[in-house]
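First comes the structure, then the notes that go with it.
Letters A, B, ... are given to chains in the order of the sequence lines, protein chains preceding strands, and every chain is numbered from 1. Quick caveat: nothing in here was measured; it's all calculated off a predicted structure.
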Amino acid sequence: MSVRLFNTYSRHLEDFRPLDPAGRQVKMYTCGPTVYNHAHIGNFRAYVFEDLLQRHLEARGFVVERVMNLTDVDDKTIRGARAAGRRLADFTQVYKDAFFHDLETLRIKPANHFPAATEPRYVERMIAMIGQLEAQGIAYQAEDRSVYFRLAKFPDYGKLAHLNLDELRPSGRVNSDEYEKENIGDFALWKAWDEADGDVRWESPWGPGRPGWHIECSAMATALLGPELDIHCGGVDNIFPHHEAEIAQSECCTGRKFVRHWLHCAHLMVEGQKMSKSAGNFYTLRDLLEKGFTGREIRYALLTVNYRLPLNFTFAGLEGARAALGRIDVWVRRISDCRSQIADAGVFTGGEMSVSLGRHKNFFQALDDDLNIAGALGQLFDLIRESNSALDHGQFGPEQASELLKLWESINRVLAFEPEAAAVPAAVLALVEKRQQARADKDWQASDRLRDEIAALGWIVKDTKDGPKLSPAAA
RNA sequence: GGCGGAGUAGCCAAGUGGGAAGGCCGAGGUCUGCAAAACCUCUACGAGUGGGUUCGACUCCCACCUCCGCCUCCA
């Protein structure tokens with residue numbers, strides 16, 4: 001079975017086929033952050049979804065080359081830099097660094113390229129593309145000295161969003177004083193400099209200014225991945241007008257179909273409410289880390305709902321994520337321990353790995369179906385229950401455990417849920433030793449006191465039939 | 001007004017024209033010095049509401065209600 005993905009353009013599930021004749025190389029572009037503040041969990045939902053997509057494609061044998069852009073010049077970054085009294089590049093660098101740190105916390109695989117809009121080679125390319133559009137009569141400079149895309153020249157505009165532009169009703173945002181444009185829908189390719197921009201300016205054939213937002217993605221995507229992309233992702237709010245504009249610019253410049261598969265993830269709600277600063281439910285990653293949640297717990301919470309459905313992000317959900325991960329942790333540790341044991345012929349009576357192999361296969365088949373993560377996790381938890389039961393009944397030996405761990409590793413390469421292997425301090429190990437002696441002596445008071453001492457050092461000790469097990473107190 | 005998405009247990013959530021996955025929480029039990037874990041069992045006679053098609057509808061169709069998104073630079 002092949003990977004099937006919902007394509008925003010066709011509004012249908014489609015078999016995924018990359019352009020590469022060998023069917024292996026995948027060119028993937030993902031819209032990245034505008035670095036004017038810390039990214040919020042809504043942003044990260046999109047990045048976690050894109051990470052799952054990449055990892056699953058890799059599990060299916062594809063080689064993914066991914067680009068994620070950084071928008072480091074626009075109205076918001078310029079405004080922020082001015083308010084902070086800093087140079088634009090210094091201002092955005094803070095948020096770029098924070099962004100990369102956050103990606104690591106959430107175990108998101110780094111893209112192969114993180115191009116920034118202000119890099120000279122990309123600004124040059126944007127100017128070149130605008131020049132090309134102007135030569136074709138598609139771009140024009142208006143009286144305000146900005147350069148616009150002439151929508152009348154691109155009839156396909158609106159097809160991605162399935163909007164009929166003739167029926168568009170003016171919303172409150174449109175009636176700005178942009179009367180210089182030929183058509184209300186024409187979007188900026190080059191924004192002429194004005195005083196509010198300060199020293200943020202590049203020279204161009206149309207005078208000083210800066211690139212429009214949309215051209216940035218077209219320039220960087222085609223520079224790094226070529227004229228045709230296999231996959232382009234973003235949040236649903238990027239569909240219109242950003243991605244429409246990207247299609248228009250790119251296809252007019254290259255004469256080729258820009259993107260084969262468009263994927264967009266739905267928005268996130270917080271505690272059933274729209275996330276907004278005024279509602280007080282606006283969270284960045286660091287807000288949640290300060291509340292004691294870990295990156296992988298947040299990753300789990302962001303990942304467990306299919307990307308096309310709205311996700312209700314709640315603290316109860318985070319607690320649930322913590323508990324579910326704890327269940328996985330215990331299971332992984334259990335089969336790891338089982339593997340490292342010498343087979344006990346008296347207990348081990350033969351395994352039934354066919355069940356587990358079936359679950360493993362089903363896990364990946366669920367993801368093939370437009371990243372059905374809930375279905376896939378259902379298979380994983382069935383696998384956990386079945387193998388736990390087999391362990392309890394002695395129908396499981398080191399060889400089976402070894403096989404099962406390999407299956408888990410391939411699953412974890414997609415989920416990235418495995419706990420960090422925290423090194424146990426020698427002091428804790430020494431206390432555990434002493435406690436074992438106390439238990440052997442049936443000195444329960446000493447045993448309980450030692451358990452408290454171990455807890456005070458941040459570790460929880462549990463007595464299983466295979467001996468004491470340690471785990472960090474805070475997941 | 002146009003276009004699109006969604007309503008399944010206390011919470012999250014999946015598949016399916018014919019027995020309603022899975023996770024969290026909860027209850028009982030086995031095990032255990034205790035605790036925890038693990039394991040076993042139980043928890044929606046019903047799927048927003050009302051119709052219709054069908055031998056049979058949570059699934060298909062229609063209407064209505066509610067929520068969410070987009071409608072010119074918010075993931």
Return yes if a side-chain donor-acceptor contact under 3.5 Å exists between [X] and [Y], otherwise no.
X      : Y      : value
A:T222 : A:R125 : yes
A:Y307 : A:D370 : yes
A:Y140 : A:D186 : yes

Identified pairing partner of [N], criterion: Watson-Crick or G-U wobble below 3.5 Å:
N     : result
B:C3  : B:G69
B:G50 : B:C62
B:G17 : none
B:A44 : none
B:C39 : B:G29

_Nearest-Å distance for atom pair CG/P, residues A:D369 and B:G15_ = 7 Å

_Going by the rule side chain to side chain donor-acceptor pair (under 3.5 Å), which residues pair with A:E453 if we only count those two or more places apart in sequence or in a different chain?_
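Counting only residues at least two positions away or on another chain, A:E453 forms no side chain to side chain donor-acceptor pair (under 3.5 Å).
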
_Contacts of type side chain to side chain donor-acceptor pair (under 3.5 Å), residue A:H38, not counting sequence neighbours_ =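 Listed in chain order: nothing, the list is empty.
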
*Between A:K76 and B:C74, does any side-chain N or O lie under 4.0 Å from OP1 or OP2?*
yes

*asked:* Below the 4.0 Å mark, does B:G15 have OP1 or OP2 next to a side-chain nitrogen or oxygen of A:N372?
replied: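 Checking B:G15 against A:N372, a side-chain N or O does come within under 4.0 Å of OP1 or OP2.
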
*Assert yes or no for the condition that the ring centre distance of A:F44 to A:H40 is strictly below 6.0 Å.*
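No: the rings miss the under 6.0 Å criterion.
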
*Pick the nucleotide of RNA chain B nearest each of A:P241 and A:V236; which residue has the one closer to the 5' end?*
A:V236

*For RNA chain B, whose closest nucleotide is more 5', that of A:V330 or that of A:F187?*
A:V330

Integer angstrom distance from the [atom1] of [N] to that of [M]:
N     : M     : atom1 : answer
B:C40 : B:G51 : C1'   : 45 Å
B:C11 : B:A47 : P     : 16 Å
B:A27 : B:A36 : P     : 12 Å
B:C64 : B:G2  : P     : 12 Å
B:A14 : B:G22 : P     : 15 Å

*Nucleotide nearest A:F240 (side chain, heavy atoms from C-beta), chosen from B:A14, B:C70, B:A38*: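 The closest nucleotide is B:C70.
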
_Quick check for you: among B:A37, B:C70, B:A38, whose closest atom lies nearest to any side-chain atom of A:N388?_
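Shortest atom-to-atom distance from the side chain points to B:A38.
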
*Per-nucleotide protein contact string for nucleotides 17-34 of chain B, where B marks a base within reach and S marks sugar-phosphate only (heavy atoms under 4.0 Å, - for neither)*: ----BSSS--------BB

Using residues 232-241 of chain A as the side-chain source, report each donor-acceptor pair under 3.5 Å to any protein atom, sequence neighbours left out, with the distance given to one decimal.
from, atom 1, to, atom 2, distance (Å)
A:H232, NE2, A:E246, OE1, 2.7
A:D237, OD2, A:H267, NE2, 3.4

*Within 45° of the axis and under 6.0 Å from the centre of the six-membered ring of A:F6, does NZ or CZ of A:R308 qualify?*
yes

*Counting only non-hydrogen atoms, which of residues 28-42 of chain A are less than 4.0 Å from RNA chain B?*
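Within residues 28-42 of chain A, the residues near RNA chain B are A:H40, A:G42.
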
*What residues form a ring pair (Phe, Tyr, Trp, His ring centres under 6.0 Å) with A:Y122, not counting sequence neighbours?*
none

*asked:* Side chains of A:R145 and A:W190, heavy atoms from C-beta outward: is any pair under 4.5 Å?
replied: no

